[in-house]
Amino acid sequence: MRFKVEGENRAATGSGAASSIEGATEVRWYSDRASGENSTITITNAAAAVIGSIRVNGTSDGIIVKNATDLMYSSSTAVLFSPVNTRVS
């Protein structure tokens with residue numbers, strides 16, 4: 001997959017550390033946990049109401065599309081988030 005990195009890689013662990021990830025609408029996540037160890041990524045709106053969550057396995061990655069004002073956090077410090085843009089030519 002091709003994407004442009006648009007900011008710093010960071011952990012956002014727990015609801016108190018929820019972040020908009022620099023106002024990104026596309027966020028790449030990467031889990032650096034051991035295979036078989038799961039984490040949960042949660043997306044909330046700006047008022048902290050949960051929109052949804054996904055369970056991710058260790059050593060996996062993906063891209064989440066969200067609104068710029070939505071916040072996200074993980075249950076593990078081993079899950080890192082990076083703002084990206086997949087609409088590059």
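Shortest non-hydrogen contact noted between Val84 and Val5 is CG1-CA, 4.4 Å. Of all heavy-atom pairs between Ile43 and Ile64, the closest is CD1-CG2, 4.1 Å. Summarising the geometry of Gly58 relative to Ser31, their closest heavy-atom pair is CA-OG, 3.5 Å, with the distance given to 0.1 Å. The shortest heavy-atom contact between Ser20 and Ala68 is CB-O, 3.6 Å.
Here Asp61 pairs with Arg28 under the salt bridge (charged side-chain N to carboxylate O under 4.0 Å, His left out) rule; sequence neighbours left out. Residues satisfying the salt bridge (charged side-chain N to carboxylate O under 4.0 Å, His left out) test with Glu6, not counting sequence neighbours, are none. Remark: Arg87 pairs with Glu26 by the side-chain hydrogen bond (donor to acceptor under 3.5 Å, both in side chains) rule, at least two apart or across chains. With sequence neighbours excluded, no residue satisfies side-chain hydrogen bond (donor to acceptor under 3.5 Å, both in side chains) with Glu8.
Residue pairs meeting the side chain to side chain donor-acceptor pair (under 3.5 Å) criterion with at least one partner in residues 62-76, sequence neighbours excluded, do not occur; the list is empty. Pairs of residues two or more places apart, or lying in two chains, that qualify as side chain to side chain donor-acceptor pair (under 3.5 Å) and include a residue from residues 51-60 are Thr40-Arg55.
Arg33 places a side-chain N or O within 3.5 Å of a backbone atom of Asn38 that can act as its donor or acceptor partner.
Under the 4.5 Å side-chain heavy-atom criterion for ILVMFWY residues, a single connected hydrophobic cluster contains both Val56 and Phe81. Both Val27 and Ile51 are members of a single hydrophobic cluster when ILVMFWY side chains are connected at heavy-atom separations under 4.5 Å. Linking ILVMFWY side-chain heavy atoms closer than 4.5 Å, directly or via other members, places Ile63 and Ile21 in two distinct hydrophobic clusters.
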Would you please test Trp29 and Ile54 for side chain to side chain contact (heavy atoms under 4.5 Å, CB included) and show each step?
-> CA-CA 11 Å; Trp29 59 268; Ile54 60 171; 4.2 Å; yes

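Of the inter-residue distances, the one linking Met72 atom CE with Ile41 atom CD1 reads 5.5 Å to the nearest 0.5 angstrom.
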